[in-house]
Structure formats: structure tokens, C-alpha cells
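What follows is a short report on a single structure.
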Amino acid sequence: MLLFNRVLLCVVVLTSLNGCGGNGQEDPQSSAPLPLPTPVQGEWYSPALGTTWQWQLSGDLNTQYDVDVYDVDLFDVSESHIANLHSQGKQVICYFSAGSYEQWREDAAQFPAHVLGDTLDGWEDERWLDIRDERVLAIMDSRIELAKSKECDAVEPDNVDGYTNHTGFNLTHEDQLAFNVALSDSAHAAGLGIGLKNDLDQIIELVPYFDFAVNEQCFEYSECEALQPFIDANKAVFNAEYHSRWVNDETARADLCEQANAMGFSTLVLPLVLDDSFRFSCL
């Protein structure tokens, strides 16, 4: 991790109203913006618009789709599966949650109790993390190193918009920026690409640090215009939609795909649990 981002994180913590251990609800409004470091330069996986993909995070991995890239769970995917995908000419993005604690993960015991916050809405077995704590960043650095050792091409850190949620901590816009930039720098230092997961309100600031976007349900919630900076930068936008009307209504799904393709998105209609029980691709 670059020293600048460690210092930036400390500045953010010291200027937070309640410090690292504060409880309460977030104020997503930012004060005077903090300067961000120059993005790390180098070569790593950076998919362009129109890249085809498959996203599967549970169940037996189906490696038979004719796509450019697979997005799979960092902990559950085997090195042999990654090697198999590479042998087919596919790239591999490895998913992990950077902003939440999952009690079943093999490194769960490394999280100190005071960094564990409220449960995630809809995911009662996960808890938000205090991303201002250095130990959280250190664990995420280790996960990125695990991705490198497994020969993933890029990482997809999830839950990187905690400052807009009820986490149990007073996270700010600047706290989140510092954490997300630190993740980007760590991935790039390891030679890996990195995708920005959702976090629509910070895209303008973060697009220089991220190589692609992974979005859920922007069509369902009429939020897709926020992803235009990635399109303008010729960086892939991997979009997943879950609503039943696109699963069950072929005409509605065709309309969705027409709109998604016109915008340059790589859109899939998938099951919420991402278990490959069905899949519809717009590309």
C-alpha cells in the first residue's frame, strides 16, 4: 500500500466527527474535498467496452460460456479453475467483499470486534466494516495478494459504498474515497486490474483509479447515466439485472438489451444468488 494513502486515511480519521470508534449513522455530505493522489501507472487487465462476461459466485462453476472474462469468488475458485479459464483464452476477475465482514470466510478471525458494524440490509450474515481502521485495509491487502497468487487478472471489491448506508459508523464521503483509492493502489501495485462496484455517487472522482465498473440494477432503478464516465473512458461496464420482468418476459428483456447495447453496457440478466441457474446475455 502506498504511504500517501495511509497518510490520507489518517487525515480522514482525525477529521471525522466521532473518530474510528464512533457509532451512529452516516452523513454522506462531504465538506471541503481532500486532494487525491495521482493514479498509479502501469499495465494490468483493463477491459474495453463490449467485453463479454459471466458472473457466478455460488454453485459448481460452469466454465463453458463463450465469453471474454469470468467474475468468480476469490475464496471459492480453485487455482485449477482459473488455469482452465486461462487455457481457454479467458480473463478472470476475482470477487471479494471489501466493506463487509462475512463470518464464513477463512480470514474472518483476523477482524477485531470493534471494526464490525451493523448488518447489511438483506444480508443478515454480513456486517459492515469500519473502513477507516488500518487493520481492515491490511486484510484487504492480503486478499489482493491472494488474488495475485491464484493468478487472477483483476479484482472486484464489493460493498465499497458504506458511507451511504447505515453501517453503525460515521463514515463520510472522504472516508470512502480514501478507502477505495487505497484498494485501487494496492491492486495496481500487485499488477491486477480493479473494478468499481456500484458506488455511483463517486464515479466522477474514482473513474481514473478503476479499470472497469461492475453494476447491479441500474436499469431497474434508472441510475445508468451515472456510469457514463466509464463509457467515455472506454472502460467496460459489467451490468447485472435481476428483476423478474426481464427474466420472464422475452419482449421486455429484448427492450432492455436494446437500451443496454446502445449505451455500451455488457448486460446480463441473472439470478440474485449468482448460481448459474439461468443466464440471459445482451451481447
Side-chain angles (χ1 to χ4, degrees), residues 1-9 35-55 63 65-75 77-96 98 137-158 160 177-199 202-215 227-239 264-266 283:
M1 185 66 61
L2 298 183
L3 177 61
F4 185 96
N5 285 322
R6 298 298 191 188
V7 173
L8 175 59
L9 184 71
L36 293 176
T38 301
V40 173
Q41 301 300 308
E43 294 186 6
W44 39 74
Y45 181 56
S46 183
L49 299 182
T51 299
T52 57
W53 72 309
Q54 165 62 354
W55 196 16
T63 62
Y65 289 109
D66 183 16
V67 295
D68 300 316
V69 59
Y70 267 69
D71 190 338
V72 295
D73 187 275
L74 169 63
F75 291 100
V77 70
S78 67
E79 293 181 23
S80 61
H81 269 135
I82 293 175
N84 179 31
L85 290 168
H86 282 159
S87 72
Q88 298 177 46
K90 298 175 173 65
Q91 305 294 311
V92 179
I93 298 169
C94 290
Y95 166 98
F96 65 91
L137 268 178
I139 293 168
M140 299 311 147
D141 286 348
S142 296
R143 291 183 175 185
I144 288 169
E145 286 301 316
L146 175 62
K148 180 180 180 180
S149 71
K150 284 190 167 185
E151 298 192 359
C152 306
D153 300 289
V155 291
E156 180 215 333
D158 197 6
V160 293
L177 281 180
F179 182 70
N180 293 356
V181 169
L183 290 173
S184 169
D185 283 354
S186 183
H188 288 159
L192 303 178
I194 184 170
L196 181 64
K197 179 70 168 290
N198 298 322
D199 195 19
Q202 295 187 329
I203 283 177
I204 291 176
E205 293 153 298
L206 290 176
V207 70
Y209 300 90
F210 287 81
D211 307 297
F212 56 93
V214 179
N215 170 264
L227 290 148
Q228 188 63 39
F230 277 99
I231 300 296
D232 293 341
N234 192 31
K235 296 180 178 182
V237 174
F238 298 122
N239 164 242
F265 287 14
S266 300
L283 293 178

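Remember, predicted model here, so these are calculated numbers, not experimental data.
Using a 4.5 Å heavy-atom cutoff, the side chains of Phe212 and Val214 are in contact. The shortest distance between side-chain heavy atoms of Ser184 and Phe210 falls below 4.5 Å. Ile82 places a side-chain heavy atom less than 4.5 Å from the side chain of Cys152.
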- Query: Leu227 and Ile203: side chain to side chain contact (heavy atoms under 4.5 Å, CB included), yes or no, with the steps?
  - Reply: CA-CA 7 Å; Leu227 290 148; Ile203 283 177; 3.6 Å; yes
- Task: Please step through side chain to side chain contact (heavy atoms under 4.5 Å, CB included) for the pair Tyr209 and Leu36, ending with a clear verdict.
- Result: CA-CA 10 Å; Tyr209 300 90; Leu36 293 176; 3.2 Å; yes
- Message: For Thr51 and Asp68: C-alpha separation, side-chain torsions, deciding distance, then whether side chain to side chain donor-acceptor pair (under 3.5 Å) applies.
- Response: CA-CA 6 Å; Thr51 299; Asp68 300 316; 4.7 Å; no
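A donor-acceptor pair under 3.5 Å links the side-chain atoms of Asn180 to the main chain of Val160, judged by distance alone. Asp153 places a side-chain N or O within 3.5 Å of a backbone atom of Val92 that can act as its donor or acceptor partner. Side chain of Tyr95 to main chain of Trp55: no donor-acceptor pair is present (N/O by atom type, distance under 3.5 Å, no hydrogens or angles). Side-chain atoms of Lys235 come within 3.5 Å of backbone atoms of Val207 as a donor-acceptor pair (strictly under, hydrogens ignored).
By the 30° and 60° cut-offs, the orientation of the rings of Phe238 relative to Trp53 is tilted.
The local environment of CG in Asp232 is crowded, with over 12 non-hydrogen atoms from other residues, nucleotides or ligands closer than 6.0 Å.
Scored by the salt bridge (charged side-chain N to carboxylate O under 4.0 Å, His left out) test, Asp158 finds Lys197 as partners (sequence neighbours excluded). Scanning for side chain to side chain donor-acceptor pair (under 3.5 Å) contacts around Gln88 gives Asn84, Lys90, with sequence neighbours left out.
Contact detail for Val67 and Tyr70: the closest heavy-atom pair is CG2-CE1, 3.6 Å. Contact record, Gln41 with Pro39: NE2-O, 3.0 Å, taken as the closest heavy-atom pair. For the pair Pro157 and Gly195, the tightest heavy-atom approach, listed with the atom from each and the gap, is CD-O, 3.4 Å. Closest of all the heavy-atom pairs between Glu156 and Asp71 is OE1-OD2, 2.5 Å. Between Asp211 and Trp44, the shortest heavy-atom contact is OD1-NE1, 3.0 Å. Taking each heavy atom of Ala190 and Ile144 in turn, the nearest pair found is CB-CG2, 4.0 Å.
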